[in-house]
Amino acid sequence: MNETGTSRVKRGMAEMLKGGVIMDVVTAEQAKIAEDAGAVAVMALERVPADIRAQGGVSRMSDPDMIDGIIEAVSIPVMAKARIGHFAEAQVLQSLGVDYIDESEVLTPADYENHIDKWAYTVPFVCGATNLGEALRRITEGAAMIRSKGEAGTGDVSNAVTHMRTIRREIRRLGALAEDELYVAAKELQAPYELVKEVAENGKLPVVLFTAGGIATPADAAMMMQLGAEGVFVGSGIFKSGNPAQRAEAIVKATTFHDDPDVVAKVSRGLGEAMVGINVDEPARSIQFAERGW
Amino acid sequence: MTTVGVLALQGDVREHLAALDRLGVKGMSVRRREELDACDALVIPGGESTTMWRLARTFELLDPLRERVRGGMPALGTCAGMVLLADRLLDAAQGQETIGGLDITVRRNAFGRQTESFETDLEVTGLAETVHGVFIRAPWVEEIGPGVEVLASVGEHPVAVRQNQLMATSFHPEVNADDRLHRLFVDTCC
């Protein structure tokens with residue numbers, strides 16, 4: 001008997017994306033550029049985070065026609081974003097046949113108390129996290145993949161670094177605790193004891209951990225991979241730059257050869273202008289995406 | 001002692017290295033020509049076949065891989081690895097090339113998108129007990145040449161094949177710590 005929508009096929013899908021780059025796209029043409037550059041998947045959304053930041057307003061799931069167009073245009077997996085807690089958007093995205101749903105803080109949250117019950121779907125979900133407790137709560141709700149939140153749409157990698165270091169440090173800390181100390185650790189992390197114990201024993205999350213939020217250059221990708229990310233999401237960094245096709249390809253290469261500075265140096269040459277970016281602490285920045293979700 | 005490389009351009013490399021380690025086989029990751037030269041056999045993991053192809057092409061690994069496979073190096077491909085070992089592709093990305101070696105025609109994502117990804121028990125020729133196959137946006141074999149042995153099928157579609165020293169599966173034996181397919185590869189192909 002064939003069983004679909006199991007944890008193994010949901011988490012397994014993310015395993016197959018490891019070492020790869022997932023790129024934000026808003027049109028079928030951009031999706032094609034991403035596929036040609038070697039992306040392992042594309043993320044369909046209505047506006048890239050930098051534009052959401054600049055234009056403001058409510059940001060929602062993409063137009064189904066746009067998602068259909070992207071699915072039609074490429075042979076690689078297509079992901080799409082739903083608002084936090086917006087289970088009906090998620091139902092629509094599943095019905096459109098997307099391969100992964102990102103319950104994303106980049107869109108305007110639909111529910112300020114509850115996230116989506118992700119066990120209820122055949123399609124797998126990826127969720128953002130700023131620390132281990134948040135990651136484990138999302139996994140408890142059924143997330144099959146975790147990414148750092150970073151601060152999307154800024155081109156400033158510092159928050160992604162903070163979130164990745166925090167998650168990895170908290171995992172290492174669990175490994176050093178005595179078994180009877182894990183009960184309190186679970187209380188502090190606000191996560192189920194069984195899951196905390198599993199992480200303590202294995203020294204890693206039970207799902208794949210990617211990085212996202214502010215990655216704009218090949219060296220950013222290389223750093224995040226060396227910090228323990230298993231792959232990279234790039235949002236505004238590509239299509240808000242001077243030469244998207246070349247930058248996309250460079251970030252793919254730097255992700256694979258993240259530990260080889262000669263390759264990272266070579267692919268960093270002649271890329272033209274990076275996205276201008278805004279510092280995460282700039283007062284002009286009106287929205288803090290990473291503070292959405294809990 | 002045989003050293004088995006795992007092509008590490010992208011994909012679930014770690015799972016394959018862990019399977020080889022459990023079998024007591026020396027494994028190493030392969031991203032460069034020198035690393036390929038140091039291997040006696042190669043595993044091509046699951047992942048995105050178009051990404052692996054493009055990276056192999058750009059980093060001048062595709063032709064050396066073809067030469068090694070043509071020269072008789074044993075190779076095992078799972079999912080994307082099956083795509084890369086196939087001589088012919090259906091539903092390929094524009095211009096998509098393979099390493100080739102297996103006289104088969106493979107259809108990419110033949111079982112459908114992620115919502116149709118599934119797990120099921122399979123009878124595999126050469127193994128006493130069934131294997132629990134995990135199929136993720138999986139390809140299937142649409143046609144086989146005369147020298148190709150079908151080891152397992154789902155319905156009428158071959159999902160595990162062997163031709164001399166080359167073996168490929170549509171599913172992912174590496175994801176559920178069942179090392180019998182890797183053992184079969186090492187015992188019968190290497």
Side-chain angles (χ1 to χ4, degrees), chain A residues 1-22 32 34-41 71 73-79 93-101 121-124 144 204 208 230-231 249-250 252-253 255-260 263 266-267, chain B residues 7-16 29 31-32 45-59 61 78-81 83 89-96 108-109 111-122 132-138 154-155 171-172 174-176:
Chain A
M1 221 203 61
N2 295 356
E3 273 187 282
T4 58
T6 62
S7 271
R8 194 152 23 189
V9 298
K10 288 176 172 178
R11 294 177 180 188
M13 172 74 213
E15 301 283 352
M16 303 312 148
L17 300 171
K18 282 190 300 195
V21 181
I22 299 165
K32 200 77 195 67
E35 182 179 49
D36 289 345
V40 289
I71 288 176
V74 296
S75 68
I76 57 176
V78 176
M79 301 183 164
L93 291 174
Q94 173 165 289
S95 133
L96 293 175
V98 304
D99 296 296
Y100 239 95
I101 293 175
Y121 295 77
T122 309
V123 67
K204 63 184 286 296
V208 166
E230 296 180 284
E249 206 178 317
V252 168
K253 291 173 186 170
T255 300
T256 292
F257 287 93
H258 56 88
D259 54 353
D260 187 334
V263 173
K266 192 175 160 209
V267 303
Chain B
L7 190 65
L9 296 172
Q10 189 272 318
D12 69 334
V13 177
R14 188 177 61 219
E15 285 69 15
H16 279 288
S29 67
R31 287 179 300 177
R32 299 176 179 85
E48 177 46 51
S49 63
T50 57
T51 301
M52 291 188 217
W53 152 56
R54 288 178 210 278
L55 286 168
R57 177 47 86 198
T58 314
F59 287 95
L61 206 56
T78 65
C79 197
V83 171
L89 294 184
L90 295 169
D91 294 340
Q94 196 183 356
Q96 185 173 358
R108 281 179 74 218
N109 309 131
F111 285 103
R113 305 190 66 83
Q114 173 59 17
T115 48
E116 291 143 290
S117 292
F118 63 98
E119 28 187 317
T120 194
D121 289 325
L122 296 166
H132 194 68
V134 178
F135 293 77
I136 297 172
R137 284 175 49 98
V154 168
F171 53 97
H172 294 280
E174 72 277 12
V175 300
N176 44 4

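From a predicted model like this one, the values you see are computed outputs, not experimental measurements.
Ranked by heavy-atom pairs under 4.5 Å with chain B, the first of A:D260, A:I76, A:V123, A:T122 is A:I76. The candidate with the highest count of non-hydrogen atom pairs below 4.5 Å against chain B, out of A:K18, A:E15, A:E230, A:M13, is A:K18. Interface summary for chain A: among B:D121, B:I136, B:V13, the most heavy-atom pairs under 4.5 angstrom belong to B:I136. For chain B, the option among A:G38, A:A39, A:G5, A:P77 with the highest count of heavy-atom pairs below 4.5 Å is A:P77. Chosen from B:S117, B:G112, B:G47, B:G46, the residue pairing most often with chain A at heavy-atom distances under 4.5 Å is B:S117.
Annotation: side chain of A:F257 is in contact with side chain of B:R31 (closest heavy-atom distance under 4.5 Å). In this structure, the side chains of B:H172 and A:M16 come closer than 4.5 Å at one or more pairs of heavy atoms.
Among residues two or more places apart in sequence or in another chain, the salt bridge (Lys or Arg N to Asp or Glu O under 4.0 Å) test is passed with B:D12 by none. When the side chain to side chain contact (heavy atoms under 4.5 Å, CB included) test is applied to B:Q96, the partners found at least two apart in sequence or on another chain are B:S49, B:T50, B:W53, B:V83, B:L89, B:A92, B:A93, B:R108.
Residue A:A41 does not touch chain B at all, counting heavy-atom pairs closer than 4.5 Å. Interface residue B:F135: only backbone heavy atoms are found under 4.5 Å from chain A. Of the two parts of A:Y121, neither the backbone nor the side chain holds a non-hydrogen atom closer than 4.5 Å to a non-hydrogen atom of chain B. No part of B:A80 comes within reach of chain A, as not one of its non-hydrogen atoms sits under 4.5 angstrom from that chain. For a residue to count as touching a neighbouring chain, one of its non-hydrogen atoms must lie under 4.5 Å from one of that chain's; by this rule A:V74 does not touch chain B. In this structure, chain B has heavy atoms under 4.5 Å from both the backbone and the side chain of A:E35. Of the two parts of B:L55, only the side chain, counted from C-beta on, holds a non-hydrogen atom closer than 4.5 Å to a non-hydrogen atom of chain A.
Looking only at distances, a side-chain donor or acceptor of A:D99 sits under 3.5 Å from a matching main-chain atom of B:Q114. Side-chain atoms of A:T256 come within 3.5 Å of backbone N or O of B:L9 as a donor-acceptor pair.
Between B:E119 and A:T6, the side chains place a donor N or O and an acceptor N or O closer than 3.5 Å (distance only, hydrogens not considered).
Using the six-membered ring where Trp is involved, B:F111 and B:F118 have ring planes that are perpendicular, over 60° apart on the 30 and 60° scheme.
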